Amino acid sequence: MSDLKLYWGEIHNHNELGYAQGSLERSYEIARSHLDFYAFTPHGLHADGGTPDGFPVVNENWARIQQAAATNNKPGEFTCFLGYEWHSNQWGHLWVVSCADDQPMYCARTLAELQDHFRGTPTILGAHHTAYDKGVDWANFDEELSPVVEIFSEHGCSERDIGPFPMLGHSGGPGASEFTLQHGLALGKRFGFTAGTDTHDGYPGAYGQGLTGVWARENTRAGIFAALQSRRCLAVTGDRIAVDFAAGDAPMGSIVEKGGDQELSYRVQGWDFIKQVEVVRDNMPVQVATPDYAAARPSGEQCYRLRLEWGWGPMKGYQVFDWQGRVRIDGGSLEQVVPCFTSDPFDEHRRKRVLARDQSSCSWQSHTSRGGMFTSRNGIPAASANDALCLEIRGTEKTQLTLSFDCETHTSMLATMPDWTISPRRGELERTFSIGELLNGRQGFKMEGAPTSVLVHRAVPPHLYTMQGSYGHRAGAGSCYYLRVTQENGQMAWASPVWLDA
């Protein structure tokens with residue numbers, strides 16, 4: 001896919017225009033700070049519930065929602081789509097995302113009515129958290145209108161009825177295996193994979209709650225939309241694991257009819273040690289590849305990847321910690337900086353962001369809380385109270401990183417007496433490490449003056465965060481293949497399927 005570029009975005013996200021929190025303006029500001037594309041999808045209506053004509057707060061603000069999608073859309077820089085969420089008890093939930101800014105929030109009473117209304121328009125209906133009971137209606141699933149299905153979000157993972165990230169995040173309860181994505185694939189349905197946070201803290205792209213990558217020709221509505229329609233997309237839980245998966249010249253999402261013998265190939269670039277890469281055929285792993293940890297460590301200049309993490313604090317503490325961080329690189333260059341900022345604690349005015357970066361340094365700010373300053377609207381049990389940055393550094397084992405942190409605590413209204421005894425307080429930290437030291441092990445520190453901590457994770461050499469391989473398909477019965485990637489830190493990625501001898 002040499003003519004395509006990988007873009008990262010969020011197409012399922014909520015704020016106070018609906019039953020969530022955070023302003024519309026805040027959501028767009030956060031999305032612009034670290035994503036390539038974004039769709040705000042307010043809870044629009046409940047088709048067979050108490051609000052079939054739409055939630056009043058969304059109806060009253062629909063013109064604002066339309067205007068925000070239009071004015072924030074900057075072709076080539078930041079792509080925005082108009083959307084909303086359609087709820088039902090009988091047919092599951094779908095996000096409705098359109099290329100047009102003048103679309104109404106259509107309040108269909110049934111799934112068939114919704115499909116008929118948008119058929120032939122530049123609109124995608126994306127089923128999500130399907131693994132709940134009646135989370136999806138496979139019998140009436142329309143591949144043309146629903147080319148993608150959400151495999152992961154803060155609710156959990158809908159891929160299969162085993163594996164990590166069970167559906168514990170909200171109150172939907174467990175569903176039978178018939179509502180998983182693997183069951184849909186077994187029925188012969190064809191769809192690609194996306195992931196979206198579904199965060200109710202109004203934080204698009206919140207780390208650890210789901211993100212979608214698309215292989216597109218350009219960062220425009222037409223480019224991103226075409227990639228989704230063609231199923232050239234991948235889903236990740238948090239880390240932006242780049243995956244290229246193809247059958248010959250046919251990229252992920254392709255349907256190859258009577259193609260004969262085919263070689264499926266993949267290339268993966270993670271942000272942690274890769275644990276395994278699985279080629280899944282007809283829902284069963286047929287190849288499991290692992291890195292060669294016994295291989296000699298390459299010498300000379302390379303691109304190392306590592307993670308800086310900060311947070312922690314007193315158990316169940318309700319302080320909010322404001323952080324300022326800086327890193328300087330000596331004897332090397334800073335190639336990439338990827339924020340891994342969580343959505344909590346909610347704050348309308350504080351911002352987590354990278355402030356400045358060049359080839360030798362980077363600075364940032366964030367805020368964390370072990371207990372959360374405000375009540376969280378996110379239910380994912382695997383959510384972290386810490387923030388992090390992933391860095392790619394070109395250099396040698398002698399390349400040095402000088403890390404500086406300032407941290408100041410603030411007591412929230414939810415604080416207890418033990419919390420008051422340590423707030424307000426200011427902490428500082430400065431440490432220098434070589435890449436060689438970090439290849440041998442992580443370095444963890446408590447902040448000096450504040451009850452928080454900083455962790456500099458192991459540096460990862462390229463041969464342990466990058467993998468490539470292939471699998472041979474023999475002509476015969478039709479098969480559906482997809483790729484599942486797992487890192488040692490538990491972060492995962494899924495590449496959309498290819499269908500051979502369809």
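Computed from heavy atoms alone, side chains included, the values below leave out hydrogens, waters and symmetry copies. The structure presented is a predicted model; accordingly, all values stated were derived computationally and were not measured. Here, residue 1 is the first one in the sequence, and each next residue gets the next number.
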Mind checking the [atom1]-[atom2] spacing from [X] to [Y]? Nearest 0.5 Å is all I need.
{"X": "I435", "Y": "I393", "atom1": "CD1", "atom2": "CD1", "answer": "4.5 Å"}
{"X": "N140", "Y": "Q90", "atom1": "CG", "atom2": "CD", "answer": "9.0 Å"}
{"X": "E144", "Y": "R190", "atom1": "CD", "atom2": "CZ", "answer": "13.5 Å"}
{"X": "S153", "Y": "E10", "atom1": "OG", "atom2": "CD", "answer": "9.5 Å"}
{"X": "L308", "Y": "L401", "atom1": "CG", "atom2": "CG", "answer": "7.5 Å"}
{"X": "F341", "Y": "S33", "atom1": "CZ", "atom2": "OG", "answer": "8.0 Å"}

Flag side-chain contact, heavy atom, 4.5 Å: [X] against [Y]:
{"X": "W8", "Y": "T212", "result": "no"}
{"X": "E150", "Y": "S158", "result": "no"}
{"X": "I65", "Y": "L82", "result": "yes"}
{"X": "L145", "Y": "R119", "result": "yes"}
{"X": "N15", "Y": "Y203", "result": "no"}
{"X": "V277", "Y": "V288", "result": "no"}
{"X": "L94", "Y": "S146", "result": "yes"}
{"X": "T123", "Y": "V96", "result": "yes"}

Pairing donors with acceptors under 3.5 angstrom, does anything connect the side chains of [X] and [Y]?
{"X": "T220", "Y": "E218", "result": "yes"}
{"X": "H473", "Y": "D261", "result": "no"}
{"X": "Y266", "Y": "D244", "result": "no"}
{"X": "Q115", "Y": "D142", "result": "no"}
{"X": "T237", "Y": "Q491", "result": "yes"}
{"X": "N72", "Y": "R32", "result": "yes"}
{"X": "Y106", "Y": "E113", "result": "yes"}

Can you check side-chain contact (heavy atoms from CB on, under 4.5 Å) on H12 and E85, steps first, answer last? CA-CA 8 Å; H12 185 192; E85 184 172 346; 3.2 Å; yes
Does the distance from a Lys or Arg side-chain N to an Asp or Glu carboxylate O, for [X] and [Y], drop under 4.0 Å?
{"X": "R221", "Y": "D101", "result": "yes"}
{"X": "R351", "Y": "E29", "result": "yes"}
{"X": "R484", "Y": "E159", "result": "yes"}
{"X": "R297", "Y": "E397", "result": "yes"}
{"X": "D239", "Y": "R307", "result": "yes"}

Compare every heavy atom of [Y] with every heavy atom of [X], then report the nearest pair and how far apart it is.
{"X": "S496", "Y": "M252", "value": "O-CB, 3.4 Å"}
{"X": "C157", "Y": "P164", "value": "CB-O, 3.9 Å"}
{"X": "T342", "Y": "D387", "value": "N-OD1, 2.9 Å"}
{"X": "H457", "Y": "R442", "value": "CA-CB, 4.0 Å"}
{"X": "T130", "Y": "F179", "value": "OG1-O, 2.9 Å"}
{"X": "A459", "Y": "L306", "value": "CA-CB, 3.9 Å"}

Run the ring-centre check on [X] versus [Y] and record whether the distance is less than 6.0 Å.
{"X": "Y482", "Y": "F193", "result": "yes"}
{"X": "W138", "Y": "F191", "result": "yes"}
{"X": "H200", "Y": "H43", "result": "yes"}

Checking Y28 against Y38 for the ring-ring contact (aromatic ring centres under 6.0 Å, His included) test, could you report, in this order, the C-alpha distance in whole Å, the side-chain angles of both residues, the deciding distance, and whether it holds? CA-CA 8 Å; Y28 273 97; Y38 173 53; 5.1 Å; yes
Taking the six-membered ring for Trp, are [X] and [Y] parallel (under 30°), tilted (30 to 60°) or perpendicular (over 60°)?
{"X": "F118", "Y": "Y84", "value": "tilted"}
{"X": "Y481", "Y": "Y471", "value": "tilted"}
{"X": "Y132", "Y": "H129", "value": "tilted"}

Kindly indicate, with the supporting measurements, whether the criterion side-chain hydrogen bond (donor to acceptor under 3.5 Å, both in side chains) is fulfilled by S360 and D358. CA-CA 6 Å; S360 62; D358 55 33; 3.2 Å; yes
For the backbone of [Y] and the side chain of [X], can you confirm whether one donor and one acceptor N or O come within less than 3.5 Å of each other?
{"X": "T486", "Y": "M492", "value": "no"}
{"X": "Q487", "Y": "F273", "value": "no"}
{"X": "Q66", "Y": "Q103", "value": "yes"}
{"X": "T180", "Y": "S177", "value": "yes"}
{"X": "W215", "Y": "V243", "value": "yes"}
{"X": "S98", "Y": "A100", "value": "yes"}
{"X": "D292", "Y": "A294", "value": "yes"}
{"X": "T197", "Y": "N13", "value": "no"}
{"X": "N219", "Y": "D36", "value": "yes"}
{"X": "N73", "Y": "A69", "value": "no"}

Verify side-chain contact (heavy atoms from CB on, under 4.5 Å) between V327 and W364, making sure each step is shown before the conclusion. CA-CA 9 Å; V327 65; W364 62 91; 3.9 Å; yes
side-chain contact (heavy atoms from CB on, under 4.5 Å) assessment of W494 paired with L483: CA-CA 6 Å; W494 296 264; L483 207 69; over 6 Å; no
Check this for me: D249, atom CG, are more than 12 non-hydrogen atoms of other residues, nucleotides or ligands nearer than 6.0 Å?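 Open.
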So with a 6.0 Å cut-off around NZ of K134, is the heavy-atom count from everything else above 12?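 No, because the 6.0 Å sphere around NZ of K134 holds 12 heavy atoms or fewer from other groups.
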Can you list the steps and then say if D198 with H155 is a side-chain hydrogen bond (donor to acceptor under 3.5 Å, both in side chains)? CA-CA 8 Å; D198 200 6; H155 292 261; 2.6 Å; yes
Could you go step by step and tell me if E335 and S333 meet the side-chain contact (heavy atoms from CB on, under 4.5 Å) rule? CA-CA 6 Å; E335 300 295 306; S333 60; 2.6 Å; yes
With sequence neighbours left out, write down each residue that passes side chain to side chain donor-acceptor pair (under 3.5 Å) with T399, or none if nothing qualifies.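 Per chain and number, T399 pairs via side chain to side chain donor-acceptor pair (under 3.5 Å) with no residue.
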Tell me, please, whether W271 has R305 positioned over its six-membered ring: NZ or CZ under 6.0 Å from the ring centre and within 45 degrees of its axis?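 Yes, cation above the ring, under 6.0 Å and within 45°.
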